[in-house]
Amino acid sequence: MAGYIEEFHNNFGYTLKFDWPDGTVLVPHKTHYFYDFEVYLPTPDCYYRGFGYTLAEAELCAWDKFQKFNSCKGHEFERREYTNGVGFCKHCNLFKSKAFPPAFNCKICGIATNYCKDDDLNYYCEEHSHDNKGKEYQKHLQMLKELEEEPELTEEDFSEVLDDVIERMRKRPPSILNLND
C-alpha cells in the first residue's frame, strides 16, 4: 500500500501528487491563512509538516522535506532541549519521536522515564507514579478523579438542557440571531 491521505480527514477531495512510501499517512488541514499536511512516516518513525497556500503547495513542501530526509547520508540525532526521548538529525533536521530513551530515571526503580515528576524534580515511571507526592501532580490526579466522578448525562437530562438553551435563544432579540448582520 502506498502513502495515503487519512480517510477521516480527506474532506478536501485532494489526490496525492507524489509517490509516497508504503504506510506513509498524510493528514490535511486548513487554517485561515494556509494549508498543511501532517506527514507520518513509518521508517524512520517520525512526523513532520508541510505548509502551503494550497494543498498542492503543502504536499510539495512536505515532499521536499521528505527528499531532504531521505537523502541524508546518515542520521545523527541530538536531543536539543528535549528530555522525553525525541531527537533531531544534526544534518537534515529530521524529527524522530523515539530517538533516545527519556533523559531521567524513575526515583524508585531506575528505569528511564518522563512520565511524571515531583516538586523536587524527581521523576517517576507510570508504575511508581503513585509515590509522587508533588503538589502539581496531586492536583492533576484530583482533577482526573473529579472528572471520573461526574455523573453521565442521561438522554432525558440532555433533552432538558437542550430545551432550556432553545428557549433562551427564542427570547433573544432577532438581530442577535441574524448571522448576516
Side-chain angles (χ1 to χ4, degrees), residues 4-12 23-42 44-51 58 62 77-88 93-181:
Y4 62 94
I5 295 178
E6 178 62 45
E7 289 290 326
F8 179 73
H9 291 90
N10 195 11
N11 54 358
F12 299 104
T24 302
V25 179
L26 290 95
V27 181
H29 299 280
K30 182 179 185 335
T31 68
H32 294 291
Y33 307 105
F34 56 84
Y35 290 90
D36 76 277
F37 271 111
E38 291 176 26
V39 180
Y40 297 90
L41 292 170
D45 177 24
C46 73
Y47 150 84
Y48 67 94
R49 288 177 177 245
F51 298 92
F77 292 97
E78 58 187 359
R79 287 184 184 272
R80 297 188 183 166
E81 70 276 4
Y82 292 90
T83 61
N84 61 357
V86 303
F88 294 84
N93 209 34
L94 173 70
F95 172 89
K96 186 173 180 183
S97 57
K98 294 178 181 163
F100 302 100
F104 301 102
N105 295 324
C106 175
K107 180 181 177 180
I108 308 299
C109 68
I111 68 165
T113 188
N114 201 50
Y115 188 76
C116 66
K117 63 184 176 193
D118 65 19
D119 300 337
D120 297 324
L121 301 181
N122 295 306
Y123 281 76
Y124 300 86
C125 66
E126 185 173 6
E127 183 180 341
H128 294 110
S129 61
H130 62 275
D131 292 319
N132 183 347
K133 304 302 181 210
K135 290 178 187 172
E136 286 300 312
Y137 189 68
Q138 293 302 316
K139 274 188 353 189
H140 172 73
L141 290 179
Q142 182 61 36
M143 181 188 72
L144 290 176
K145 184 179 176 187
E146 289 170 5
L147 285 174
E148 288 175 2
E149 291 173 355
E150 281 188 16
E152 290 287 323
L153 192 60
T154 66
E155 190 174 329
E156 186 177 310
D157 292 337
F158 179 76
S159 293
E160 286 180 26
V161 170
L162 185 59
D163 289 344
D164 184 50
V165 169
I166 292 170
E167 187 59 35
R168 282 187 280 148
M169 292 299 291
R170 286 185 179 139
K171 293 178 181 176
R172 291 182 175 211
S175 61
I176 292 176
L177 299 176
N178 189 346
L179 301 178
N180 295 323
D181 286 345

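Side chains are part of it too, since the values below use all heavy atoms of this structure and drop only hydrogens, waters and symmetry mates. The residues of the chain are indexed from 1 along the displayed sequence.
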What salt bridge (Lys or Arg N to Asp or Glu O under 4.0 Å) pairs are there with at least one residue in residues 25-40, not counting sequence neighbours? Asp36-Arg49, Glu38-Arg49
Evaluate the side chain to side chain donor-acceptor pair (under 3.5 Å) criterion for residues Glu146 and Gln142: first the C-alpha distance (whole Å), next the side-chain angles of each, then the deciding distance (0.1 Å), finally the verdict. CA-CA 6 Å; Glu146 289 170 5; Gln142 182 61 36; 3.2 Å; yes
Show the nearest heavy-atom pair for residues Phe104 and Asn114, with the distance to one decimal. CD1-OD1, 4.1 Å
Shortest non-hydrogen pair, Cys109 vs His128, comes out as CB-CE1, 3.6 Å
Side-chain touch [X]/[Y], heavy atoms, less than 4.5 angstrom:
X	Y	result
Ser129	Tyr137	yes
Tyr40	Val27	yes
Phe88	Tyr82	yes

The criterion is side-chain contact (heavy atoms from CB on, under 4.5 Å); which residues satisfy it with Glu127, sequence neighbours excluded? Cys125
Applying salt bridge (Lys or Arg N to Asp or Glu O under 4.0 Å), name anything that partners [X], two or more places apart in sequence or on another chain.
X	answer
Glu126	none
Asp118	none
Lys135	none

Short question: side chain of Asn132, backbone of Lys117 - any donor-acceptor pair under 3.5 Å? yes
I need the full list of side chain to side chain donor-acceptor pair (under 3.5 Å) pairs touching residues 94-113, with sequence neighbours left out, sorted by first then second residue. Asp45-Ser97
Say you draw a straight line from [atom1] of [X] to [atom2] of [Y]; how long is it, rounded to the nearest 0.5 Å?
X	Y	atom1	atom2	value
Glu136	Cys116	CD	SG	12.5 Å
Cys106	Asp131	SG	CG	7.5 Å
His29	Phe34	NE2	CZ	10.5 Å
Leu26	Leu41	CG	CG	8.0 Å
Thr24	Phe37	OG1	CZ	12.5 Å

Kindly say whether the aromatic ring centers of Tyr48 and Phe95 come within a distance under 6.0 Å. no
